[in-house]
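In what follows, chains carry the letters A, B, and so on, assigned in the order in which the sequence lines appear, proteins first and then strands, with residues in each chain numbered from 1. Source: prediction; values computed, not measured. Just so it is clear, the values below take in all heavy atoms, side chains as well, and ignore hydrogens, waters and symmetry mates.
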Amino acid sequence: MIQKEIVLLNKLGLHIRPAAQFTKIAAKYKADVYLIRDGMRVNAKSIMGVMMLAAGQGTKLALECIGEDEEQLCNELMALIENKFHEE
Amino acid sequence: MQTLQVGAFFQDMQQRLSLRLLNSPKGLVRDVTQKDLHRPGLALAGFLDLFTYDRIQVLGNTEVGYLKSLSPEAQLESLQRFFQFQIPCIIVSNSNDVPPDLPRLADLAGVSIFVSPLSTTELGHLLSDYLDHKFAPSTVVHGSLVDVYGTGLLFTGRSGIGKSEVSLDLVERGHRLVSDDVVTLTRTADNVLMGSGSELLKHFMEIRGVGIIDICRMFGVRAIRLQKRVETEVELVDWSGEHDYERTGMEDAYQEYLGVQIPYVRLPIYPGKNVTVIAETIALNLHLKVYGWHPTKQFSAALSEAMKNRTQQIESYLEKDFE
């Protein structure tokens, strides 16, 4: 299991488009992915779950990847967050 | 440990209990950590063993009457002793007038003191109800909860297996959606598992290939529910020849959430299978079981009877064939 602390730096936070980008990547992999905010743990393959966190800019979250391809998955998601979801 | 800030409690219950804050708001940042209440009559009288000071303290007619009966010095001493403890907050019932030292010392100790016009009993009931709910253990599961013929079916399974599609199909057939994708489960005081949606997601749903849809707008208010007791979990799984699936219903399987067991059905799916009709069947079958009719057991009894009759027929036939 990989666990990472993340801070959302992009302007929109996990709004609809970023959440969709996030879940699309998550869904490609076999590993389970969870996002945790203040003890609320949601399946990050579910767009509704991710959006329910209502995580705006600056929000601190924990990312959890569990499964055989967890490492690639975690790297790809971290890259997306670091690249601020390719926002203009 | 779950905590509830006194300020949040005040905001939630101010109207229902007609609460009025008697002192400065600085005690509102304290946390309530216990769901029980305490009447501190004996503690005020000086018996401090077993004083459950960490509960909300309710001062009824007895406590206020006792304090008023004391001389000013004895009253001060009693209250000072009382406020040595870390009390979350104090509520006075029956709109009782309290001795002026009480709010003053409460202020010094940083404890909020409220007054309510309700009787102690009524206050106790309403408070317990609220605190039970607030302190009920809860968890979030990835699944969809639908009320099917009055039975709460929780659909779980891997992402993309079709939980939302099954829920949509059920709604289309007149059943009611509680929540899609994210369900909050809460264990109530009487060990019932309640499921509800989130304030934000309401009855929005994601259908792959279409996007986000609004069930309430689309199907009207009768297609939705705010909460429902979760009565059976239906896990949708990819069909695989290697797995054994329940064929007879002789064995009842259960799943546990927050220490509450609910019936569990593992449902293999493949293209062309009508999961909706099977979901309705699961719901109706559960109804029959609740009403005392267990189809597998009834069939099993009928089968045994038929076998016995067959044996008797053969026996009676052989009886006529004397050797």
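In this structure, the side chains of B:I212 and A:M51 come closer than 4.5 Å at one or more pairs of heavy atoms. At a threshold of 4.5 Å between non-hydrogen side-chain atoms, the residues B:V140 and A:M40 count as touching.
When the shell of 6.0 Å around CD of A:Q72 is examined, it contains more than 12 heavy atoms from other residues, nucleotides or ligands. A 6.0 Å sphere centred on OH of B:Y53 holds no more than 12 heavy atoms belonging to other residues, nucleotides or ligands. Annotation: A:K60, atom NZ; neighbour count of heavy atoms from other residues, nucleotides and ligands within 6.0 Å does not exceed 12. With a 6.0 Å radius and a threshold of 12 heavy atoms from other residues, nucleotides or ligands, B:L226 has its CG atom at or below the threshold. The number of heavy-atom neighbours closer than 6.0 Å to CD of A:Q3, taken from other residues, nucleotides and ligands shown, is above 12. By the 6.0 Å contact criterion, CD on B:Q11 is open, its count of non-hydrogen atoms from other residues, nucleotides or ligands being 12 or less.
In this structure, CG in A:N43 is found 12.0 Å from CZ in B:R158, a value given to the nearest 0.5 Å. Rounding to the nearest 0.5 Å places CD1 of A:I16 at 11.0 Å from CD of B:E206.
Of all non-hydrogen atoms in A:G49 and B:V182, the two that sit nearest each other are CA-CG2, 3.3 Å. The two residues B:S159 and A:S46 make their nearest non-hydrogen contact at OG-N, 4.5 Å.
Among A:M48, A:M52, A:K45, the one residue that satisfies the side-chain contact (heavy atoms from CB on, under 4.5 Å) test with B:D181 is A:M48.
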